[in-house]
Amino acid sequence: MSDSGAKTLIFERNSNPVPVNEREALLQNPGFGRVFTDHMVTIRYTEGRGWHDGKIEARKAFNIDPATLVLHYAQEIFEGMKAYRLPDGGAALFRPDANARRFRNSATRLAMAPLPEELFLESVRSLVEVDKDWIPTGDGAALYLRPFMFATETLLGVKPSAEYVYCVVASSVGAYFKGGASAVTLWVSENYTRAAPGGTGEAKCGGNYAASLAAQAEATQEGCDQVVFLDAVERRYIEELGGMNVFFVFDDGSLQTPPLTGTILPGITRDSLITLGRDLGLTVREEPYSIDQWQKDAESGRLREAFACGTAAVVTPIGKLKGRKHNFTIGDGTAGPVTQRLKAALLDIQNGRSNDVHGWMDRLF
Ligand code: PLP
Ligand code: COI
């Protein structure tokens, strides 16, 4: 047991941390994914030996052979979660058990060694504890944890690696979209799909994001903020954004989100908003929704609001949708009342301002 609170991880304190005044300046306006803390977790896996050499140590570069498997065949998975500063000065993670479970499922899909969920939880909790001075305060600010795992065997044969490194780094973050984005414009991708049935869409693997980048570049070129993907079979049904799930709000007050059929990432924010929507007395459906219906409903006024959601994006209103065959505004193009209520309900729990009735907050200190 070390002063990091870890049970199985050896703690070696960074002897050269970022000076306090520099850290405080960085925390003023951290952006997303640019400001990193002083430490990281690493745990190694070797076939026949299992998980070993777990450490919390100074954040540093990896030294890897050019023939390391991950560099060639992309056997890599990751997670994204946040630790929030609470009003009494303490801190909590939001549903880390759900991230631990999804990480294990991703590992299974990518034929990687599953990390025991308890070890995942210990790693993220301990890193937050050690780097707690890096948790920023203020609405939308949090310490973003990035657990990930990659194949480290040195080999050019195509097979599951016999060795892995699991690592967690932490990044002080503000809003994901520049300026907090009052509402984003989406580009519907007709040239590219994100995931096909039987593929890796529901796993959180780096390859899915690599595959989304050409579509995202097209979206940017068309002056849009994010890409929205259609299903790979019929090219009709809305799936999700490059890094967020999507919800629709109708004039009868009901909510709808695409069902989890294997090609969509099962978002923890998505799952939480389904529950919070029902808590607010709304009907929530997990049903397919086509792009043509979306346009029709937006034009008739049956569709009132739409929003994207995820750990990084929290709840982000969708104002407009563009594509080669589509161009429409949702509502008046700004955040609608249901979107705002759901966002407030989620943030109030995450920031410790409301009663955590679902037991989602994992209090650390
Ligand atoms: N969909 C994709 C492709 C994502 O990358 C993410 C972000 O993690 C989400 C959805 C939302 O998932 P979560 O709410 O668990 O962050
Ligand atoms: C997250 O929300 O945690 C993600 O992984 C999405 C990514 C766009 C940052």
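Whatever order the structure lists them in is the order used to number ligands and atoms, beginning at 1. Because only heavy atoms are used, hydrogens play no part in the values below, and waters and symmetry mates are left out as well, while side chains stay in.
Taking atom 2 (O) of ligand 2 as the reference point, the nearest protein heavy-atom neighbour is A312 N, 2.8 Å. Remark: minimum distance from atom 16 (O) of ligand 1 to any protein heavy atom is reached at T311 OG1, 2.5 Å. With hydrogens left out, the protein atom closest to atom 2 (C) of ligand 1 is E240 OE1, 3.3 Å, a heavy atom. In terms of protein heavy atoms, atom 6 (C) of ligand 2 is closest to G243 O, 3.7 Å. What sits closest to atom 8 (C) of ligand 2 on the protein, heavy atoms only, is Y176 OH, 3.4 Å. Atom 6 (C) of ligand 1 has its closest protein heavy atom at G243 O, 3.2 Å. Among protein heavy atoms, atom 14 (O) of ligand 1 sits closest to T269 OG1, 2.5 Å.
Aromatic ring centres of F11 and H39 lie closer together than 6.0 Å. For F62 and F150, the gap between ring centers is short of 6.0 Å. Ring centroids of W134 and F36 are separated by 6.0 Å or more, keeping the two rings apart. Close placement of the F103 and Y166 rings is indicated, their centers lying within 6.0 Å of each other. Between F229 and Y192, the gap from one ring centroid to the other reaches at least 6.0 Å.
Residue contacts with ligand 2, taken as heavy atom pairs separated by less than 4.0 Å, do not involve M81 at all. Contacts with ligand 2 closer than 4.0 Å are made by no heavy atom of K82, backbone or side chain. The part of K204 lying near ligand 1 is the side chain, judged by heavy-atom distances below 4.0 Å. The proximity of E239 to ligand 1, defined as any non-hydrogen pair under 4.0 Å, does not occur for either the backbone or the side chain.
Here's the thing with Y209: one of its N/O atoms is less than 3.5 angstrom from an N/O atom of ligand 1. The distance criterion of under 3.5 Å between nitrogen or oxygen atoms is met by I268 with respect to ligand 1. Residue contacts with ligand 1: R270 is placed with no nitrogen or oxygen under 3.5 Å of a nitrogen or oxygen of the ligand (distance criterion only).
In this structure a side-chain-to-backbone donor-acceptor pair under 3.5 Å is present from R85 to G89.
The contact set between ligand 2 and R146, taken as ligand atoms under 4.0 Å from a residue heavy atom, comprises 5 (O). Of all the atoms in ligand 2, the ones that sit under 4.0 Å from a non-hydrogen atom of F78 are 5 (O). Every atom of ligand 2 with a heavy atom of T311 under 4.0 Å away is listed here by number and element: 2 (O), 3 (O). The atoms of ligand 1 that sit less than 4.0 Å from any heavy atom of G242 are 3 (C). Set against the non-hydrogen atoms of Y144, the atoms of ligand 2 under 4.0 Å away are 1 (C), 3 (O), 4 (C), 5 (O). Counting the atoms of ligand 1 from 1 in the order shown, those under 4.0 Å from a heavy atom of G310 are 11 (C), 14 (O), 16 (O). Interface of K204 with ligand 2, defined as ligand atoms under 4.0 Å from a residue heavy atom, comprises 4 (C), 5 (O). Taking every heavy atom of G267 and a limit of under 4.0 angstrom, the matching atoms of ligand 1 come to 12 (O), 13 (P), 14 (O), 15 (O).
Here the options are T269, T275, I268, the test is side-chain contact (heavy atoms from CB on, under 4.5 Å), and the partner is S272; only I268 passes.
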task: For the pair S254 and D252, evaluate side-chain hydrogen bond (donor to acceptor under 3.5 Å, both in side chains) and give the outcome as yes or no after the intermediate values.
output: CA-CA 6 Å; S254 65; D252 62 358; 2.7 Å; yes

query: Between Y289 and F250, does a ring pair (Phe, Tyr, Trp, His ring centres under 6.0 Å) hold up when you go through it step by step?
result: CA-CA 12 Å; Y289 194 54; F250 294 90; 5.6 Å; yes

message: Determine whether V168 and F120 satisfy the following criterion, side chain to side chain contact (heavy atoms under 4.5 Å, CB included), listing intermediate values before the conclusion.
response: CA-CA 9 Å; V168 192; F120 179 100; over 6 Å; no

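When all heavy atoms of V124 and M81 are compared, the pair lying nearest together is CG1-SD, 3.9 Å.
Between R102 and E202 there is no salt bridge, since no side-chain N of the basic residue sits under 4.0 Å from a carboxylate O of the acidic one. A salt bridge does not link D231 to R235: none of the charged side-chain nitrogens sits closer than 4.0 Å to a carboxylate oxygen. A salt bridge links E240 to R194: one of the charged nitrogens lies within less than 4.0 Å of a carboxylate oxygen. Electrostatic pairing of E122 and R125 does not count as a salt bridge here, judged by no charged N lying under 4.0 Å from a carboxylate O.
Put simply, no part of E79 is less than 4.0 Å from ligand 1, judged by heavy atoms. Heavy atoms of A312 stay at 4.0 angstrom or farther from ligand 1. At least one heavy atom of R102 sits closer than 4.0 Å to an atom of ligand 1.
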